[in-house]
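Report on one structure; see the data block that follows.
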Protein chains: 2
Amino acid sequence: MNVESEEPRRQRLTRAEAKARTRALLLDAAARVFARKGFTGASVEEIAESAGFSIGALYSNFSGKEALFLELLSDRGRDRVAQAAKALHDVGTEEAVAELGRLLVDVADNDTDFASLQAEFWLYAVRNPHVLETVAATTREPRQALEGVMRTALAQRGAPGDVSPQAVATVVGALWQGLVRLRRIDPDSVPEELFGQALGWLFTGINASDTPTPADTD
Amino acid sequence: MNVESEEPRRQRLTRAEAKARTRALLLDAAARVFARKGFTGASVEEIAESAGFSIGALYSNFSGKEALFLELLSDRGRDRVAQAAKALHDVGTEEAVAELGRLLVDVADNDTDFASLQAEFWLYAVRNPHVLETVAATTREPRQALEGVMRTALAQRGAPGDVSPQAVATVVGALWQGLVRLRRIDPDSVPEELFGQALGWLFTGINASDTPTPADTD
DNA sequence: GTCTATATCAAGATAGAC
DNA sequence: GTCTATCTTGATATAGAC
């Protein structure tokens with residue numbers, strides 16, 4: 001009967017740890033199911049069972065479906081892109097551009113749930129004003145990380161000083177998202193090199209332009 | 001029996017015309033409700049009543065919820081962008097770029113349902129393999145129209161001959177989609193001029209680069 | 001802390017009236 | 001051709017057992 005007092009060697013968990021582990025497993029499952037079925041289409045029952053628990057366990061850890069979804073937004077929102085952008089910070093410019101290209105293909109092809117979840121978050125935001133700002137904030141985080149990369153990239157390439165790294169980061173981020181989504185449903189139209197090629201055009205154009213206005217005939 | 005042979009003066013509708021009108025009204029309502037609630041979140045009851053009809057009328061015109069959704073995809077999928085791109089075909093290059101910029105802001109700010117519907121279609125496609133190709137096809141149509149615009153734009157700007165109009169059209173389209181979505185949840189990060197500015201960089205860079213695109217023989 | 005059982009409700013779809 | 005009434009299912013959330 002003294003099960004709990006046994007030696008905690010071999011990964012025996014305290015109650016708090018067990019609960020935290022359950023929470024984490026539920027969040028993982030939620031990410032999968034929400035991505036595959038959508039917010040409304042996903043049932044809490046499927047999420048719970050997919051994590052290996054029952055509905056009761058889910059409601060013991062989260063107040064409901066929406067709370068679980070929003071928790072997921074906080075946890076996963078910043079993850080991938082911010083992390084990648086930070087990793088690129090240390091890398092030289094030319095390699096960074098190539099690396100970004102590879103990252104695009106990798107995410108689009110392998111982490112298929114990622115783009116779906118992003119789309120779900122976006123839709124939830126435009127439909128629920130009370131979380132719009134929260135979702136907007138999670139998109140700003142990775143974009144700011146990217147802005148850092150762009151700042152050094154522009155400097156190293158000797159771009160005109162009046163070019164806004166923020167604008168470039170926004171453009172690169174938007175292009176990335178657009179291409180990932182398109183590649184997902186029409187891979188042939190987005191070959192592996194396209195993103196890198198586009199970045200090449202972009203940076204060349206930025207360098208060549210002395211003013212940020214497009215009405216500048218060369 | 002001779003109902004159909006009555007004079008159609010004074011907007012009296014034949015049975016076929018009445019049915020067609022009902023169908024059209026249901027499709028309009030469906031576009032609204034699907035955009036606002038999502039495919040799963042939207043109820044056929046709300047769609048029917050939003051169009052001013054009952055559930056029965058809906059099922060008399062469409063075999064079910066999915067059929068209605070897919071019908072919408074065929075009707076609205078090509079609409080906006082293809083139409084716009086074709087209009088741009090006649091316009092000179094410089095004006096076309098500026099016009100595209102204005103179009104972005106207009107769509108993002110005014111036709112709010114458009115982007116939501118697009119996102120719904122995309123999600124439905126990645127989740128339902130049997131319609132993936134259909135959705136992909138509807139994205140190809142406007143992209144091909146855009147490709148025509150890009151071809152003349154590149155020629156007028158004297159771009160290297162080995163630059164693929166198809167690649168440029170894909171990039172411009174993806175960037176457009178990405179920026180529209182971002183502006184929807186974070187307008188400050190996508191100022192009105194950003195799209196035009198990005199296009200300027202892009203075309204300048206294309207002109208300056210002699211680097212060949214991967215040989216693309218259509 | 002987690003599970004089982006259940007109350008409550010809303011949705012998709014159908015059948016027959018008009 | 002459209003409407004009303006209804007069948008059936010599956011969902012969220014809760015309450016009490018272990």
Side-chain angles (χ1 to χ4, degrees), chain A residues 1-6 8 11-30 33-34 36-72 120 124 128, chain B residues 1-6 8 11-30 32-34 36-72 120 124 127-128:
Chain A
M1 276 303 183
N2 291 10
V3 198
E4 300 233 6
S5 63
E6 290 217 357
Q11 296 156 341
R12 188 134 207 104
L13 302 172
T14 70
R15 258 171 123 81
E17 286 169 337
K19 186 169 178 115
R21 180 177 158 277
T22 302
R23 235 185 105 91
L25 287 173
L26 283 169
L27 280 170
D28 282 348
V33 180
F34 279 136
R36 308 246 236 263
K37 306 285 184 74
F39 175 74
T40 15
S43 74
V44 291
E45 185 179 16
E46 184 177 356
I47 293 174
E49 287 179 354
S50 166
F53 296 93
S54 65
I55 304 182
L58 190 153
Y59 277 94
S60 154
N61 283 277
F62 303 92
S63 71
K65 195 184 184 180
E66 187 186 45
L68 178 53
F69 187 66
L70 295 180
E71 195 74 20
L72 202 57
E120 280 301 323
Y124 198 85
N128 302 86
Chain B
M1 273 302 187
N2 291 9
V3 193
E4 303 232 3
S5 63
E6 290 215 357
Q11 295 159 344
R12 185 135 208 102
L13 302 172
T14 69
R15 261 171 119 82
E17 286 169 338
K19 190 173 174 108
R21 180 177 158 278
T22 302
R23 236 185 104 91
L25 287 173
L26 283 168
L27 280 169
D28 281 349
R32 271 197 310 277
V33 180
F34 279 135
R36 303 234 245 261
K37 305 285 185 73
F39 176 74
T40 14
S43 74
V44 290
E45 185 179 15
E46 183 177 357
I47 293 174
E49 289 179 353
S50 166
F53 296 93
S54 66
I55 305 182
L58 190 153
Y59 276 94
S60 155
N61 282 278
F62 303 93
S63 71
K65 194 183 183 180
E66 186 187 44
L68 178 54
F69 187 65
L70 295 181
E71 195 72 20
L72 203 56
E120 280 299 325
Y124 197 85
R127 286 169 186 162
N128 301 88

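Fair warning: this is a prediction, and the values are worked out from it, not measured in the lab.
Regarding A/L26, its CG atom lies at a distance of 12 Å from the C1' atom of C/dG1, rounded to whole Å. In this structure, B/L25 atom CG and D/dG1 atom P are separated by 16 Å, rounded to whole Å. Rounded to a whole Å, the CD atom of B/E66 is 14 Å from the C1' atom of C/dA13. What separates CD of B/E45 from P of C/dG12 is a distance of 9 Å, to the nearest Å. Following rounding to the nearest Å, B/F53 (CZ) and C/dC18 (P) show an atom-to-atom distance of 21 Å. One interatomic measurement links the two molecules: CZ of A/R21 to P of C/dG1, which rounds to 15 Å at whole-angstrom precision. The nearest whole Å value for the distance from the CD1 atom in B/I55 to the C1' atom in C/dG16 is 15 Å. We find that CD of A/E49 is positioned 11 Å from C1' of C/dC3, with the value rounded to whole Å.
Using bins of under 30°, 30° to 60° and over 60° for the plane-to-plane angle, the ring pair A/F34/A/F39 lands in the parallel bin.
Comparing D/dC3, C/dT4, D/dG1 by their closest approach to the side chain of B/K19 singles out D/dG1. Comparing D/dC3, C/dT2, C/dA13 by their nearest atom to the side chain of B/Y59 picks out C/dA13. The nucleotide whose nearest atom lies closest to any side-chain atom of A/R15 is, among C/dT2, C/dG1, D/dG1, C/dG1. Here the nucleotide nearest the side chain of A/S54, chosen from D/dG1, D/dC3, C/dC3, is C/dC3.
Separation of atoms CG (B/L13) and NZ (B/K19) is listed at 14.0 Å; rounding is to 0.5 Å. Rounding to the nearest 0.5 Å gives a distance of 6.0 Å between CG of A/L27 and CG of A/L68. Distance check: A/T40 OG1 to B/K37 NZ gives 10.5 Å after rounding to the nearest 0.5 Å.
Heavy-atom minimum distance, B/L26 versus B/A48: CD2-CA, 4.1 Å.
For C/dG12, one of the phosphate oxygens OP1 or OP2 lies less than 4.0 angstrom from a side-chain nitrogen or oxygen of B/K65. Phosphate contact (OP1/OP2 of C/dG1, side-chain N/O of A/T22, threshold under 4.0 Å): absent.
Within the 4.0 angstrom heavy-atom criterion, only backbone atoms of the sugar-phosphate kind lie near A/A42; the bases stay farther away. Backbone-only contact: B/S43 has heavy atoms under 4.0 Å from sugar-phosphate atoms and none from a base.
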